[in-house]
Amino acid sequence: MGKKSMSKDRGYITATEWKTEGGGYKDKMQGVPFRRLPFNCCAVSFLPFEDPVCTADGTVMDIMHAVPYVQTHGKHPVTGEPLQLRDLTKLNFHKNSEGEYECPVLNKVFTDSTHIVAVKTSGNVYCYQAIDELCIKPKNWKDLITDEKFTRKDLITIQDPLNLEGRMLDKFEHVKKGHEIDTRGGGVGDADDNLNSRAMSADVKRVLEKLGTEDAAAALKSGGGGRRAEAERILAEAKHKSDADAKGDSQATVDKSHLLKAPTNHPLDNVTFKPGSHTWNTDGPEDWRVTHAKAADGEQMKKREAEMRERFKAVGSYISYRTNSMRTTGAGSTSFTSTVMGSATVNERVEEVVKRNPPKGKKGYVQLRTNLGDINIELHCDVAPRTCENFIVLCKAGYYDGVEFHRSIKNFMIQGGDPTGTGRGGQSIWGGKFPDEIRDNLKHTNRGVMSMANSGPNTNASQFFFTYVKCPHLNGKNTVFGKVIDGFTVLDMMEKTPGDEADRPLAEIRINRVTIHANPLA
């Protein structure tokens, strides 16, 4: 009977046996196969494509099926959103010697697990690794084959193995609505009795059927070809019409401008006299107006830098110093061995800034009074004391008064704290850049997190930013030292303010003054 025959003679059944063999709970999705559209198949016909086109969200279709579907339904076959022919982008997939689709740069064969992207301006398809390493990281925004310029918005994700929402067949719009799709390419009517239909191929049957019909006349008039060529012509005409409309609008604007103002190209505009002189400008072809503008910008920059230095002088009265009896300046030793420095016979004691560390749990509270409203902030003085002390002292000295927020990106953050307004200025009370205070318990997890802006590790000065959303990619890179506790409506207005191409707000967002309500570092 065996040594362990009695071990299976149980007086109970397990949960697995009850679920699979007994009357236990059965998963409703059990037995339903997971159907995923391969990357090389058309989203309309589910067949391998030959001439692929794609939408802005990366849905790939064969042009032979995409054009008729969009013309008939006017909707996206997957999402059901409105779609026009001009929104389609023709793709250029590359094949290796074995006929497999691959990345033309890294020569990696595409599979269902490959992250595939396309460049909208050229239509070339690459693996994401090539674009990331050769375009995004080095900021080389040119196509890797045609050298055409493009932006980050021109990248179309064809397949992301970590996001399969757009490739599940049972969620496709035309599948749920049951739209009829013609994948045959034409039908055959009643055969002529005088013809041997069994000896004819399907192509010959279609040709004979279309002879003498209106479709044949239209095809001849449009340049001939089959359904694929006709679809390509229709798509090209839609693109050409869209470009012509856009060009016509711009030309219409230019043509009407002479009705509103004087002609812009006046003959005297080409004269390059220097202001106040009676001789020609022989220094170069540059217009004096350009030179004057550059000089004005330089004067404005010098004025801002001078104002920043004057503001920073007031910071010294709010900093406490102490003499370190254990350290000296080393001036005597340096002058003894140096041939450049002047002679020094006394090593003076080092004057150091007093650094205060508040008790655990003590927070600071300040109020930013902006032109859009007030924002109340809680500062983590007990966790990031150096960063908070730098911010509070600068606030006391009026360093931030009248300073604008120079950068705002929707769904990301708004940045300020630079008196020059350029994003490249700012000083700290610690005599230059000071190190990061990154803590594991302070992260960019919510809206309204206050963090230091930097240009790399340990390069903090006076600039800071507020997050519009959680930004986990900034964790470990920027020092979090506060959070917004009141004034989220003001933050909403800041986020809704439009910006230019450099992300600078078109409407001024300014800090009028800062009020300190609680300072545990005092």
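Model, not experiment: these values are computed from the prediction. All heavy atoms count here, side chains included; hydrogens, waters and symmetry mates do not.
- Shown here for R513 and D401, the closest heavy-atom pair between the two residues is CA-OD1, 3.2 Å.
- Annotation: the span from W141 atom CH2 to T151 atom OG1 amounts to 7.5 Å, rounded to 0.5 Å.
- A pairwise comparison of heavy atoms in T146 and S122 identifies OG1-CB, 3.8 Å as the closest pair.
- With sequence neighbours excluded, no residue forms a salt bridge (Lys or Arg N to Asp or Glu O under 4.0 Å) with E102.
- Within the 4.5 Å cutoff, side-chain heavy atoms of L83 are placed close to those of L88.
- Listed by first and then second residue, the ring pair (Phe, Tyr, Trp, His ring centres under 6.0 Å) pairs involving residues 491-518 amount to none (not counting sequence neighbours).
- None of R424, Q415, R407 except one satisfies the side chain to side chain donor-acceptor pair (under 3.5 Å) rule with Q463; the exception is Q415.
- In this structure, P104 and I145 have side chains that are in contact, with non-hydrogen atoms separated by less than 4.5 Å.
- Among residues at least two apart or in separate chains, side-chain hydrogen bond (donor to acceptor under 3.5 Å, both in side chains) pairs with a member in residues 474-485 are H444-N475.
- Under the side chain to side chain contact (heavy atoms under 4.5 Å, CB included) criterion, V366 pairs with I377, L379, F391, V514, I516, sequence neighbours left out.
- Residues F412 and D503 are not in side-chain contact: their nearest non-hydrogen atoms beyond the backbone lie 4.5 Å or more apart.
- Under the rule for a salt bridge (Lys or Arg N to Asp or Glu O under 4.0 Å), D160 has no partner lying at least two apart in sequence or in another chain.
- In this structure, V125 and H94 approach most closely via the heavy-atom pair O-CD2, 4.3 Å.
- Using a 4.5 Å heavy-atom cutoff, the side chains of M450 and F464 are in contact.
- A search for side chain to side chain contact (heavy atoms under 4.5 Å, CB included) contacts involving P38 returns N40, C41, D112, not counting sequence neighbours.
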Might you work through the side chain to side chain contact (heavy atoms under 4.5 Å, CB included) test for L394 and Q427, ending with a clear yes or no?
-> CA-CA 9 Å; L394 293 178; Q427 295 172 284; over 6 Å; no
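- Residues passing the ring pair (Phe, Tyr, Trp, His ring centres under 6.0 Å) test with F488, sequence neighbours excluded: none.
- Atom CD of E404 sits about 12.0 Å away from atom OG1 of T370, to the nearest 0.5 Å.
- Under a cut-off of 6.0 angstrom, the local environment of CG in N140 is crowded, with over 12 non-hydrogen atoms contributed by other residues, nucleotides or ligands.
- At a threshold of 4.5 Å between non-hydrogen side-chain atoms, the residues H115 and T157 count as touching.
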Trace of the side chain to side chain contact (heavy atoms under 4.5 Å, CB included) decision for R152 with I136 | CA-CA 8 Å; R152 187 184 290 270; I136 298 178; 3.5 Å; yes
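- For K363, the NZ atom is densely surrounded, since the number of other residues' heavy atoms within 6.0 Å is greater than 12.
- A search for ring pair (Phe, Tyr, Trp, His ring centres under 6.0 Å) contacts involving F93 returns F49, Y101, not counting sequence neighbours.
- Looking at residues two or more places apart in sequence or on another chain, you find no salt bridge (Lys or Arg N to Asp or Glu O under 4.0 Å) involving E148.
- Looking at every heavy atom in both residues, P457 comes nearest to D436 through CA-OD2, 3.7 Å.
- Scanning for side chain to side chain donor-acceptor pair (under 3.5 Å) contacts around Y128 gives an empty result, with sequence neighbours left out.
- Here the closest heavy-atom approach between residue N390 and residue A461 is recorded as ND2-O, 2.9 Å.
- Put simply, the side chain of N371 gets close to the backbone of R510: a donor and an acceptor are under 3.5 Å apart.
- With sequence neighbours excluded, no residue satisfies ring pair (Phe, Tyr, Trp, His ring centres under 6.0 Å) with H380.
- We find the CZ-CG distance between R386 and L521 to be 7.5 Å, quoted to the nearest 0.5 Å.
- The heavy-atom pair separating V480 from L442 by the smallest distance is O-CD1, 3.4 Å.
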When you look at E389 and F434, which way does the side chain to side chain contact (heavy atoms under 4.5 Å, CB included) test go after all the steps?
-> CA-CA 12 Å; E389 185 173 2; F434 64 94; over 6 Å; no
Intermediate values then yes/no, salt bridge (Lys or Arg N to Asp or Glu O under 4.0 Å), R447 and D492 | CA-CA 10 Å; R447 178 180 178 85; D492 294 339; 2.5 Å; yes
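- Y126 and D132 form no side-chain donor-acceptor contact under 3.5 Å, judged by distance and modelled atom types alone.
- When side chains are defined from C-beta on, L506 counts as touching D500, because their heavy atoms get closer than 4.5 Å.
- With sequence neighbours excluded, no residue forms a ring pair (Phe, Tyr, Trp, His ring centres under 6.0 Å) with F39.
- Note: D374 CG to L368 CG = 9.0 Å, rounded to the nearest 0.5 Å.
- If you check the side chains of S408 and Y468, you find a donor sitting under 3.5 Å from an acceptor.
- In terms of modelled atom types and a separation under 3.5 Å, the side chain of N454 and the main chain of N460 share no donor-acceptor contact.
- Looking at L155 and F150, their side chains come closer than 4.5 Å, going by heavy atoms from C-beta outward.
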Stepwise side chain to side chain contact (heavy atoms under 4.5 Å, CB included) test for F405 and I511 | CA-CA 8 Å; F405 286 91; I511 300 175; 3.6 Å; yes
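- E173 places no side-chain N or O within 3.5 Å of a backbone atom of E81 that could act as its donor or acceptor partner.
- Side-chain atoms of T459 come within 3.5 Å of backbone atoms of G456 as a donor-acceptor pair (strictly under, hydrogens ignored).
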